[in-house]
Novice: 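Here you go, one structure.
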Amino acid sequence: MNIAANPIVEANQTIYLKDYQKPSYVVDSIHLDIQVYDDHTDVSSKLVMKRQTDGDLVLLGRDLELKSIKINGKKLTESEYKLDSEQLVIRNAPEQAIVETVVLIHPETNTQLEGLYLAGSDLFVTQNEPEGFRKITFYPDRPDVLSVFTTRVEADKKYPVLLANGNLIEAGESGEDRHYTIWQDPTKKPAYLFACVIGDLAVLKDRYTTSEGRDVALEIYAEEKDIPKCHIAMEALKHSMRWDEEHYGRAYDLDNYMIVATSQFNMGAMENKGLNIFNTSCVLADEEYTTDAAIMRVQSVIAHEYFHNWTGNRITCRDWFQLCLKEGLTVFRDQSFSEDLQSAAVQRIDDVAVLKAHQFPEDAGPLSHPPRPDHFVEINNFYTATVYEKGAEINRMMSTLLGKEKFRKGTDEYFRRHDGQAVTVEDWVAALTAGSGVDLSAFLIWYNQPGTPKLEAKGEYDASTQIYRLTFKQTLKAHPKYSNLKPVPIPVALALFNAQTGAQYTLKSDRLFENGVKDGVYLFDQAEASIEFTGITEKPIASLLRNFSAPVNLEFNYSDPELAFLLQYETNGFNQWQATQTLLERILLDGHDAQIYVDAIQQTLPNVIEKDPLLASRLFDVPTESYLGSRIDQDYNPLIVHEAREALLNQLAKVLGSFTKDTYLSLDPDSQHEFSQAMGVRALKNIMLSLMARQGDSEVFDLAYAQYENSMNMSERLGALKVLVWNDAPQAQAALQDFYTHFKDEDLSLDQWFMIQAAHPKATAETIQYLTTHVDYDLGTPNRIRSVSGGLNANPVNTWSFGVQHFVDLAKYLDEKNPIVGSRLLQVLTRWYTLAEPQRSEVKASLEALKSQVKSKNVSETLNSMLSI
Ligand code: TRP
Ligand code: ZN
């Protein structure tokens with residue numbers, strides 16, 4: 001036996017992009033044999049390796065018990081290799097090396113949900129991105145080593161389902177109680193895309209014929225009782241397959257596509273080749289059990305993982321610094337897909353809301369990094385809003401600039417050049433440039449720099465010449481680790497409106513990118529520049545960054561009436577919404593009068609409700625306390641923000657008066673035929689209900705209780721339950737009890753029950769104590785942890801008081817049990833340094849105290865960065 005010696009704690013080993021070196025050996029093929037037993041798993045592997053450059057033969061491995069190793073048939077003795085806690089190194093290995101290892105692992109006690117692990121009582125699954133495969137067997141576990149995988153999986157017959165990537169080529173018995181399958185994946189892939197599943201699951205089947213005529217078997221595996229909740233995902237999968245053919249010319253390449261649902265998963269889902277593994281929260285969808293928002297998320301995640309087949313799997317990343325190459329592009333693709341599923345304006349609103357609520361604050365604080373970082377300690381810490389969401393924005397900017405046709409030529413060229421390769425962000429931009437004929441190389445600056453640019457714009461009108469001039473200036477805050485910040489190319493989509501008539505001017509300027517008749521895109525790519533429009537007959541109202549054409553902080557000196565004008569006349573739904581947000585932020589943070597907003601919304605709303613009820617509901621979005629807090633960089637007092645926002649909501653409720661109840665009673669989701677419309681009507685009804693509760697009319701609780709009781713739709717039930725619980729209505733406890741009784745065996749629904757109570761504005765340490773000691777609370781299930789932590793974090797006043805201990809304790813506990821999730825939860829406290837004293841020092845002390853108590857690279861890197869400000 002040979003267990004890796006005591007891990008040498010090499011704290012904070014930083015890895016740099018500039019140190020990238022090609023692997024010394026490639027792997028032509030790998031044969032894996034995985035035999036699962038109750039108390040351990042045996043893994044044998046045979047790697048056919050070939051020398052490529054000078055250097056040792058390096059196999060990475062973690063927590064593996066090495067039983068034997070052979071090279072070219074000859075057993076190696078312990079003196080013939082060097083083994084530590086991270087790798088096995090063989091000096092002077094031959095040019096051609098067939099390496100055979102046998103190791104023993106313990107998936108049954110693996111709580112980190114990485115590598116092969118037991119997920120619940122009768123399911124084993126894998127999660128290998130980014131570096132989990134090394135916890136299954138010794139391997140050059142890096143994305144630029146691509147190989148052909150053949151996998152044999154063997155287990156007790158109590159696990160009837162034995163899956164791996166690719167085609168099933170053999171199945172049979174192995175003794176009386178055991179059976180096996182053998183799978184072969186014809187496509188070369190990096191190890192992070194390997195997956196296998198061993199369990200007792202039911203399956204939903206369907207078929208899809210690709211544009212190339214391939215007949216693909218589609219299978220979604222889940223618990224028997226959840227199979228009826230898999231239909232929406234199945235439809236979304238077929239829709240995604242068609243969408244990628246139509247929009248990117250990409251057809252699916254295997255004869256089967258399998259999705260496996262598990263409730264024990266660190267993130268949303270994983271794109272393993274032909275065998276996706278999904279968090280149940282991202283695959284199960286059913287109006288009775290999950291919310292409309294969750295249903296939309298299921299569809300977008302199904303699309304996301306499917307789209308990875310081309311952007312991520314067929315073309316993968318050279319190294320993990322390039323993570324945003326696959327994630328940024330795939331998020332952009334899934335966002336575009338979702339824009340086709342529902343109100344495109346609302347999809348964009350929701351995506352930008354996420355960007356502004358998570359990515360902007362991340363980029364403004366101590367965890368700020370470029371979409372492509374140049375160093376890291378633990379790559380798991382870089383699955384961030386910046387890599388995903390800002391990465392998507394960079395692709396969106398290039399696509400906005402090129403327009404549909406040229407962007408397509410660019411992506412065609414990317415697939416033509418790089419299919420089957422592991423590439424870099426530079427390769428992507430170069431292919432887009434070559435294919436489109438437009439030089440996009442300046443966009444590389446976006447990938448390499450941190451921070452959200454500030455974009456200042458000024459408009460000047462000259463009536464005598466009928467010229468309107470817009471002047472732009474961009475600035476970036478200095479960053480301690482990245483110097484030499486350069487101006488970035490900023491596509492500014494814009495429109496000019498006639499302030500008298502509300503009509504949109506047709507833009508005339510030779511400096512605009514062609515993009516439709518009235519819309520214009522101006523590429524602002526210097527520190528300062530201006531653009532002039534001729535033939536403008538009256539002083540116009542400019543609408544800038546339409547559809548949020550660049551991830552920047554825009555400063556433009558609108559007057560409140562101009563914003564109200566845009567709310568009414570702007571035809572771009574996103575900018576209509578943006579106008580409401582700017583107005584509301586001013587009322588909230590700068591004490592402006594609310595009347596102008598209320599008047600404009602009452603005039604605009606009937607029309608919008610008619611056309612797009614979902615958009616209508618978003619026009620009532622009042623910036624959240626967290627978002628408002630994230631805009632305050634010092635002396636932040638959560639209580640002051642809370643009180644200001646409460647005052648605004650109360651004022652809105654008052655000024656809207658009977659409009660809320662009239663609207664509530666006039667809306668009927670069941671009369672809508674389209675899901676998107678019905679979802680909008682439900683959202684609007686719930687908003688009206690919560691505003692009514694602020695009007696002090698106790699009859700509203702009867703309406704809410706009736707809505708809760710009479711509806712079979714989860715969004716309606718939850719909307720009503722929130723109003724009852726958060727207002728401590730007399731019916732609140734009965735409703736909560738009823739919900740629990742009804743849904744206690746439905747994990748995703750029960751998550752909502754935990755969440756609502758944790759998110760009570762008046763929740764206390766005792767509330768959290770009650771929830772985290774509840775029989776259904778489980779520290780081994782990230783979804784359940786997140787339901788309480790996420791609920792708690794909906795109220796910054798609570799997060800920054802008793803919540804601090806909650807998050808610190810969680811980080812400490814998860815540091816050992818599940819450091820990936822521990823590190824992410826700790827990030828909730830990143831903005832501690834903006835707090836007013838004495839809170840600032842108190843939170844800092846708690847974080848400092850945690851430092852000596854954590855060991856994982858994940859949590860320590862995050863903690864060190866958080867405290868480095
Ligand atoms: N690649 C996955 C996606 O974005 C995300 C992912 C990375 C992941 N690491 C993970 C998922 C760990 C679960 C667990 O689609
Ligand atoms: Zn992804």
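Just so you know, ligand 1 is whichever comes first in the structure, and atom 1 is the first atom listed for that ligand. In this chain, numbering begins with 1 at the start of the sequence shown.
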Novice: Does E271 bring an N, O or S atom to within less than 2.8 Å of the Zn ion (ligand 2)?
Specialist: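 No N, O or S atom of E271 is closer than 2.8 Å to the Zn ion (ligand 2), so no.
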
Novice: Angle at the Zn ion (ligand 2): provide the value between NE2 of H308 and OE1 of E327, rounding to 10 degrees.
Specialist: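 Angle NE2(H308)-the Zn ion (ligand 2)-OE1(E327): 100°, rounded to 10°.
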
Novice: Before we go on, tell me: are the rings of W320 and Y192 under 6.0 Å apart, centre to centre?
Specialist: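 Yes, the ring of W320 comes within the 6.0 Å limit of the ring of Y192, centre to centre.
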
Novice: Decide side chain to side chain donor-acceptor pair (under 3.5 Å) for D144 and Y20; before the verdict, give the C-alpha distance in whole Å, the side-chain angles of both, and the deciding distance to 0.1 Å.
Specialist: CA-CA 11 Å; D144 57 351; Y20 173 82; 2.5 Å; yes

Novice: Between ligand 1 and the protein, which N/O pairs are shorter than 3.5 Å?
Specialist:
{"residue": "ligand 1", "atom": "1 (N)", "partner": "E129", "partner atom": "OE1", "Å": "2.4"}
{"residue": "ligand 1", "atom": "1 (N)", "partner": "E271", "partner atom": "OE1", "Å": "2.8"}
{"residue": "ligand 1", "atom": "1 (N)", "partner": "K326", "partner atom": "NZ", "Å": "3.4"}
{"residue": "ligand 1", "atom": "1 (N)", "partner": "E327", "partner atom": "OE2", "Å": "3.1"}
{"residue": "ligand 1", "atom": "4 (O)", "partner": "H304", "partner atom": "NE2", "Å": "3.4"}
{"residue": "ligand 1", "atom": "4 (O)", "partner": "E327", "partner atom": "OE1", "Å": "3.1"}
{"residue": "ligand 1", "atom": "4 (O)", "partner": "E327", "partner atom": "OE2", "Å": "3.2"}
{"residue": "ligand 1", "atom": "4 (O)", "partner": "Y388", "partner atom": "OH", "Å": "2.6"}
{"residue": "ligand 1", "atom": "9 (N)", "partner": "E129", "partner atom": "O", "Å": "3.4"}
{"residue": "ligand 1", "atom": "15 (O)", "partner": "A269", "partner atom": "O", "Å": "3.4"}
{"residue": "ligand 1", "atom": "15 (O)", "partner": "E271", "partner atom": "OE1", "Å": "3.3"}
{"residue": "ligand 1", "atom": "15 (O)", "partner": "H304", "partner atom": "NE2", "Å": "3.3"}
{"residue": "ligand 1", "atom": "15 (O)", "partner": "E305", "partner atom": "OE1", "Å": "2.8"}
{"residue": "ligand 1", "atom": "15 (O)", "partner": "E305", "partner atom": "OE2", "Å": "2.8"}

Novice: Tell me whether R372 forms a cation-pi arrangement with F321, defined as NZ or CZ under 6.0 Å from the six-membered ring centre and within 45 degrees of its axis.
Specialist: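 Negative - R372 is either too far from the ring of F321 or too far off its axis.
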
Novice: Relative to each other, are the rings of F360 and F548 parallel, tilted or perpendicular (30° and 60° limits)?
Specialist: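 F360 vs F548 ring planes: tilted.
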
Novice: To make sure I understand the geometry: which N, O or S atom in H304 is closest to the Zn ion (ligand 2)?
Specialist: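 For H304, the N, O or S atom at the smallest distance from the Zn ion (ligand 2) is NE2.
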
Novice: For the residue pair H369 and F382, categorise the inter-ring angle as parallel (less than 30°), tilted (30 to 60°) or perpendicular (more than 60°).
Specialist: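 It falls in the perpendicular class, over 60°.
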
Novice: Between the side chains of N279 and S281, is a donor N or O closer than 3.5 angstrom to an acceptor N or O?
Specialist: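 Side chains of N279 and S281: pair found under 3.5 Å.
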
Novice: Is the centre of the W243 ring less than 6.0 Å from the centre of the F307 ring?
Specialist: yes

